[in-house]
Asker: 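Structure in structure tokens, see below.
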Amino acid sequence: MERLRDKVRKLLAEGKAGGYIGYKMVEGHPLPHFFTKDRLSEVDEAIVPPGDARYPLDKLLLQVAARYPKETFAIQVRGCDERGLIELYKWGQLDPDQVVLVGVACPQDQADYCECSGPFPSVIDYGEKCRPVPQSQRVTRVEGLAEADALKEWLGHFGRCVKCYGCRDVCPMCFCKECSLEHPDLMSTGMVPPDTIFQLVRAIHMAGRCIDCGLCEEACPADIPLRVLYKKANALVKDLFDYETGSPTAVSPWKVLGEESTLQTKPM
Amino acid sequence: MADSNFEPRILAFLCNWCTYAGADLAGVSRLQYPPHIRVIRVMCSGSVSPHHVLRAFQKGADGVLIGGCHIGDCHYLKGNYMTIKRMRFLQDLMKFVGMEEGRLHLDWISAAEGPKFAQTVRDFTAKIQKMGPSPLKQAARAA
Ligand code: SF4
Ligand code: SF4
Ligand code: FES
């Protein structure tokens with residue numbers, strides 16, 4: 001922890017970052033906190049929260065950066081958070097030159113729980129690299145179901161949705177000003193559960209963008225296995241377009257038409 | 001599932017420059033095809049969002065047909081590059097959740113291919129007829 005605190009202290013004191021988005025213990029709860037040079041002593045209390053206490057720090061950075069567009073900020077990132085930043089750079093929401101990473105590697109039990117394929121960032125200031133989980137068993141199980149059984153299962157899940165929008169609101173990758181989930185011509189209004197397609201529409205938007213942080217699933221009061229849906233959406237993007245979400249170099253298939261079209265239509 | 005009284009509802013998104021013109025040609029050539037299809041004309045197949053397709057299923061479509069220009073012939077040059085990416089992705093996602101990917105069909109049909117248009121509609125209608133009503137519709141009714 002001291003190594004991380006030293007780095008943050010230095011960044012703030014030397015003015016390399018106008019602020020640091022990290023965590024602090026508040027009355028026994030690890031909460032996101034914005035550290036600044038003016039209150040440098042607070043950095044003594046900067047922590048890495050336990051694996052299962054997580055907030056969408058990328059989303060907080062989006063807000064802070066929008067308010068102070070010229071400033072550079074430091075931010076605590078896990079593997080997923082860094083993938084998120086990379087996607088946000090690609091989608092023009094943040095400038096990589098104005099972000100400094102303070103990296104945290106997730107512990108093995110967290111990576112296993114998340115079935116995370118990239119449980120550490122490119123910079124590590126705290127923790128040790130652990131083993132990634134390349135294939136999600138939760139996805140594999142659903143893939144193995146007969147179509148009718150899969151549908152029954154999903155309809156059961158979707159039917160519990162209370163349309164709180166928690167999944168969208170917590171998502172670090174949801175940055176649109178207008179949301180098609182609220183478009184009255186595209187989604188029925190004034191009813192719960194919402195249209196059956198609600199979660200599928202979200203899955204489409206998250207394909208190649210979801211960085212698999214799992215916050216939506218944790219936020220969902222209806223215990224809908226949202227992550228399974230988005231993990232599959234990302235796996236499809238990988239299979240069809242060879243695009244790895246959060247890859248620092250590859251170009252998202254949804255951003256460009258492409259030089260050539262190699263996909264074939266499916267036979268009837 | 002197959003119910004002889006079942007009249008499938010099929011929604012088609014056809015691009016203005018190729019498939020819609022192909023449908024027009026089928027019409028003026030007096031080619032016969034089943035009347036279950038409702039057509040929405042769009043400027044380019046690349047302007048059809050997967051959300052539109054899902055919305056159609058939500059609203060009770062038993063099948064959705066997307067028609068665009070052949071690759072290389074899109075009047076916006078590469079609009080249909082995006083069409084096929086989106087629709088292939090959506091078909092696979094529909095399969096994963098058990099929505100029967102075959103209910104969504106994408107075909108390239110040019111302005112000169114009136115007979116191909118009529119045949120595609122015939123084949124697709126027969127296929128949907130055989131599959132029966134969309135399970136999404138049944139779920140909506142049960143709710
Ligand atoms: S796991 Fe959920 S909250 Fe996290 S990026 Fe993906 S969709 Fe958004
Ligand atoms: S968080 Fe869960 S209950 Fe709330 S809108 Fe999303 S899927 Fe529905
Ligand atoms: S104009 Fe026909 S597919 Fe683009």
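To find a chain, count down the sequence lines: A is the first, B the second, and so on, and within it residues start at 1.
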Asker: Between B/Q58 and A/I197, is there a donor-acceptor pair closer than 3.5 Å when you use the side chain of the first and the backbone of the second?
Answerer: yes

Asker: Can you name the nearest heavy-atom pair linking A/P267 to B/H105, along with the distance?
Answerer: C-CE1, 4.3 Å

Asker: Side chain, backbone, both or neither: which part of A/E259 has a non-hydrogen atom closer than 4.5 Å to chain B?
Answerer: both

Asker: Rounded to the nearest 0.5 Å, what separates atom OG1 in A/T196 from atom CZ in B/F57?
Answerer: 12.5 Å

Asker: Could you check whether any side-chain N or O of A/K232 sits under 3.5 Å from a backbone N or O of B/F96, counting only pairs where one atom can act as donor and the other as acceptor?
Answerer: no

Asker: Which distance, rounded to the nearest 0.5 Å, do you find between the NE2 of B/H52 and the CG of A/D185?
Answerer: 9.5 Å

Asker: Given the options A/D149, A/V201, A/L186, which has more heavy-atom pairs under 4.5 Å with chain B than any of the others?
Answerer: A/L186

Asker: Could you tell me the separation between the CZ atom of B/R86 and the CG atom of A/L240, rounded to the nearest 0.5 Å?
Answerer: 14.5 Å

Asker: Can you tell me which portion of B/L90 sits under 4.5 Å from chain A's heavy atoms? Options are side chain, backbone, both or neither.
Answerer: side chain

Asker: Nearest 0.5 angstrom please: A/L257 CG to B/T83 OG1, how far?
Answerer: 9.0 Å

Asker: Determine whether A/K266 and B/E101 make a side-chain contact, defined as any pair of heavy atoms from C-beta on separated by less than 4.5 Å.
Answerer: yes

Asker: Just wondering, more than 12 heavy atoms not from B/K95 lying within 6.0 Å of its NZ?
Answerer: no

Asker: With a 4.5 Å limit on heavy-atom distance, are the side chains of A/S261 and B/I84 in contact?
Answerer: yes

Asker: Among A/I204, A/V237, A/V228, who wins on heavy-atom pairs under 4.5 Å with chain B?
Answerer: A/I204

Asker: Report yes if the side chains of A/D239 and B/D92 come closer than 4.5 Å at any heavy-atom pair, otherwise no.
Answerer: no

Asker: Hey, does the side chain of B/R88 reach the backbone of A/Q264 with a donor-acceptor pair shorter than 3.5 angstrom?
Answerer: yes

Asker: Out of curiosity, B/D107 CG to A/M268 CE, how far, rounded to the nearest 0.5 Å?
Answerer: 6.0 Å

Asker: What option among B/P50, B/G79, B/G72 has the most heavy-atom pairs under 4.5 Å with chain A?
Answerer: B/P50

Asker: Sort A/T262 into side chain, backbone, both or neither according to what part of it lies under 4.5 angstrom from a heavy atom of chain B.
Answerer: neither

Asker: Report yes if the side chains of B/M99 and A/L200 come closer than 4.5 Å at any heavy-atom pair, otherwise no.
Answerer: yes

Asker: I need the A/L181 CG to B/H51 NE2 distance, nearest 0.5 Å.
Answerer: 7.0 Å

Asker: I need the residue from A/E153, A/E143, A/E260, A/H183 with the largest number of non-hydrogen atom pairs under 4.5 Å to chain B.
Answerer: A/E260

Asker: Checking heavy atoms, do the side chain of A/A233, its backbone, both or neither come under 4.5 Å from chain B?
Answerer: both

Asker: Does a salt bridge link B/R55 with A/D195, judged by any charged N lying under 4.0 Å from a carboxylate O?
Answerer: yes

Asker: Could you tell me whether B/K59 atom NZ has more than 12 heavy atoms of other residues or ligands within 6.0 Å of it?
Answerer: no

Asker: Does NZ in A/K129 sit with more than 12 non-hydrogen atoms of other residues, nucleotides or ligands closer than 6.0 Å?
Answerer: no

Asker: Hey, does A/V142 have a side-chain heavy atom less than 4.5 Å from the side chain of B/V97?
Answerer: no

Asker: Between B/M94 and chain A, with a heavy-atom cut-off of 4.5 Å, which part of the residue counts as in contact: side chain, backbone, both or neither?
Answerer: backbone

Asker: Given that the side chain runs from C-beta out, which part of B/L106 has a heavy atom under 4.5 Å from chain A: side chain, backbone, both or neither?
Answerer: both

Asker: Select one option (side chain, backbone, both, neither) describing which atoms of B/T120 are under 4.5 Å from chain A's heavy atoms.
Answerer: both

Asker: Side chain from CB out, backbone as N, CA, C, O: work out which of these in B/K127 comes under 4.5 Å of a heavy atom of chain A, or both, or neither.
Answerer: side chain

Asker: Counting only heavy atoms closer than 4.5 Å, note whether A/L155 contacts chain B via side chain, backbone, both or neither.
Answerer: side chain

Asker: Is the closest side-chain heavy-atom distance between A/W254 and B/M82 below 4.5 Å?
Answerer: yes

